[in-house]
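Here's the structure, in structure tokens; my notes come after.
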Amino acid sequence: MLQNKRILLIISGGIAAYKCLELLRLLREQGATVRCILTKSATEFITPLSVATLSGEKVYGDLFSLTDEYGMGHIKLSRDADLLVVVPATANILARMAQGIADDLATTVLLATNKKVMAVPSMNVRMWEHAATVSNIKTLQGRGVEILGPNCGAMACGEYGEGRMVEPTEILTAIRTHFSDNSRLNGLRALVTSGPTHEPIDPVRYIANRSSGKQGHAIASALVRLGAETTLVRGPTNEPDPDGAKVIRVETACEMLKACKNALPTDIAVCAAAVSDWRIKKETSQKIKKENAELTLSLKENPDILELLSQPGNERPRLVVGFAAETSDVAEKAISKRGKKGCDWIIGNDVSPKSGTFGGDTNQVHLVTETGSESWPKMSKLEVADLLVNRIADQFRPQAPTE
Ligand code: CTP
């Protein structure tokens with residue numbers, strides 16, 4: 001996918017610098033030509049030799065190298081690249097970029113470039129939250145720099161929070177998206193459901209499930225990126241609303257169904273929500289008191305949104321994609337669920353606790369279509385979304401084969 005693409009990696013000095021080696025490998029595997037600039041402090045974390053070996057190119061680092069600068073090396077490095085990626089982007093390099101400081105080769109190239117720049121922040125949570133960094137990020141975004149992440153998680157400094165660099169596979173996805181044809185789904189309408197539903201028991205309690213909405217939200221974002229006019233009907237989740245999608249917030253399965261019906265007609269529907277199969281038969285308007293040692297709740301079945309959207313009729317989306325959340329025999333159960341629901345494709349995924357799918361950032365899925373089933377390797381949910389949406393686009397507008 002990245003054949004003939006020229007990427008300039010600017011590696012700054014953070015502990016996550018070692019992950020650049022994996023990123024380099026992934027980019028080269030996809031056919032990209034990768035040149036690297038290492039800041040002085042980056043060389044404290046990884047060696048120019050390992051970077052040169054993996055990139056198959058000379059590694060740059062010294063602004064005042066007579067041989068390189070003889071031909072205005074810093075200008076050429078930018079001119080020869082299609083995309084610049086600053087990874088990891090430390091608080092320091094982000095600050096220098098925001099201020100237009102050019103005191104080494106990396107920042108000089110960044111100041112001299114007119115190419116697209118992506119920055120992948122990595123730092124301690126307090127540095128990330130510091131007003132100076134917040135303002136620098138805003139400045140850079142205002143100038144068109146794409147900021148990727150950071151994620152929330154455990155950090156090398158022993159703390160926990162936002163500031164952890166996104167994984168190399170996610171950076172690869174963003175780079176591939178940058179180079180993909182972002183108009184493949186132009187003129188098409190898409191509907192996505194995402195997140196769990198909450199079914200009230202009484203005014204203070206509800207039935208829920210462990211869905212985070214990460215996969216559904218990532219699919220909605222990917223559809224927007226390829227140009228589809230996207231409506232996201234989302235149950236209660238902490239995931240931020242994807243930019244560019246029309247977002248409708250619902251709580252219950254019945255509300256989700258109503259919002260989906262209102263969003264029709266669409267060309268594409270992807271039901272990624274973990275809809276509660278049941279709701280309380282008789283919701284009480286008052287809090288249920290702890291009067292007895294036992295309590296029996298009667299449940300009734302919720303409407304099946306995927307099944308209803310898949311029914312033949314004028315408003316049936318041309319492509320309906322469902323998910324199959326299973327805890328065993330995932331591929332087999334996904335195949336039979338596709339038949340039962342009447343959808344076109346189904347994505348089987350393992351949601352047992354050991355898989356870490358619910359709430360996690362990765363997913364290992366089986367795509368079942370009318371022509372058979374295929375297993376995809378474990379990857380980030382962003383990557384699953386990216387691949388799925390490109391497959392959807394293939395269905396509507398096949399790309400001419402490359403030579
Ligand atoms: N789904 C739906 N409405 C429901 C239940 C499920 O739209 N009331 C959709 C989900 O969004 C998903 C697919 O149906 O795309 C399968 O959901 P899943 O939870 O795997 O299966 P169920 O249909 O609930 O069946 P079971 O719980 O028996 O596996």
Side-chain angles (χ1 to χ4, degrees), residues 190-200 206-220 222-223 230-237 239 248-264 266 268-281 299-311 313 315-317 319-353 355 357-359 363-369 373 381 384-385 388-389 391-392:
L191 164 68
V192 180
T193 69
S194 181
T197 62
H198 286 180
E199 308 294 334
Y206 55 80
I207 301 174
N209 60 63
R210 296 183 194 280
S211 165
S212 63
K214 284 183 182 172
Q215 188 63 84
H217 277 55
I219 291 168
L223 284 162
T230 306
T231 301
L232 171 66
V233 180
R234 51 165 290 177
T237 100
E239 278 301 289
I248 299 170
R249 290 170 180 248
V250 297
E251 217 169 293
T252 65
C254 291
E255 288 169 10
M256 188 171 271
L257 174 64
K258 194 167 165 222
C260 287
K261 281 184 172 166
N262 287 340
L264 296 179
T266 63
I268 302 155
V270 182
C271 291
V275 185
S276 168
D277 289 327
W278 300 279
R279 65 181 184 278
I280 299 294
K281 209 166 187 175
L299 305 177
K300 66 176 169 190
E301 204 177 342
N302 266 329
D304 193 311
I305 301 166
L306 175 64
E307 209 172 312
L308 289 167
L309 290 176
S310 301
Q311 278 173 3
E315 292 216 309
R316 186 195 193 277
L319 184 71
V320 181
V321 184
F323 269 75
E326 309 296 346
T327 48
S328 63
D329 307 320
V330 179
E332 294 74 23
K333 286 182 179 165
I335 292 169
S336 89
K337 204 169 263 183
R338 175 178 170 266
K340 188 170 153 255
K341 303 267 186 177
C343 56
D344 302 296
W345 297 356
I346 205 152
I347 316 245
N349 59 353
D350 184 350
V351 293
S352 57
S355 73
T357 304
F358 264 2
N363 207 352
Q364 200 266 304
V365 307
H366 305 267
L367 172 66
V368 182
T369 67
S373 130
K381 288 183 175 174
V384 170
L388 174 68
V389 169
R391 288 292 281 269
I392 291 174

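For ligands, and for the atoms within them, numbers begin at 1 and follow the listed sequence.
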Distance dump, ligand 1 polar atoms to protein, N/O, under 3.5 Å:
| unit_1 | atom_1 | unit_2 | atom_2 | d |
| --- | --- | --- | --- | --- |
| ligand 1 | 3 (N) | Ile305 | N | 3.1 |
| ligand 1 | 7 (O) | Ile305 | N | 3.3 |
| ligand 1 | 7 (O) | Leu306 | N | 2.8 |
| ligand 1 | 8 (N) | Pro303 | O | 2.9 |
| ligand 1 | 11 (O) | Cys271 | O | 3.4 |
| ligand 1 | 11 (O) | Ala273 | O | 2.6 |
| ligand 1 | 14 (O) | Lys341 | NZ | 3.1 |
| ligand 1 | 15 (O) | Cys271 | O | 2.7 |
| ligand 1 | 15 (O) | Phe323 | N | 2.8 |
| ligand 1 | 15 (O) | Phe323 | O | 3.3 |
| ligand 1 | 20 (O) | Ala325 | N | 2.8 |
| ligand 1 | 20 (O) | Lys337 | NZ | 2.6 |
| ligand 1 | 21 (O) | Lys337 | NZ | 2.7 |
| ligand 1 | 23 (O) | Lys341 | NZ | 2.4 |
| ligand 1 | 24 (O) | Asp277 | OD1 | 2.8 |
| ligand 1 | 24 (O) | Asp277 | OD2 | 3.0 |
| ligand 1 | 27 (O) | Asp277 | OD2 | 3.1 |
| ligand 1 | 29 (O) | Lys337 | NZ | 2.7 |

side-chain contact (heavy atoms from CB on, under 4.5 Å) filter on Ala331, not counting sequence neighbours, yields His366

Under 4.5 Å between any side-chain heavy atoms of Ile346 and Val321, yes or no? no

Is it true that Lys337 and Glu326 have a side-chain N and a carboxylate O under 4.0 angstrom from each other? yes

When you compare the side chains of Lys381 and Thr357, does any donor N or O come within less than 3.5 Å of an acceptor on the partner? no

With the side chain counted from C-beta on, respond yes when Pro200 and Ile280 share a heavy-atom pair under 4.5 Å apart, and no when they do not. no

Within a strict 4.5 Å, meaning less than it, do heavy atoms of the Arg279 and Pro303 side chains meet? yes

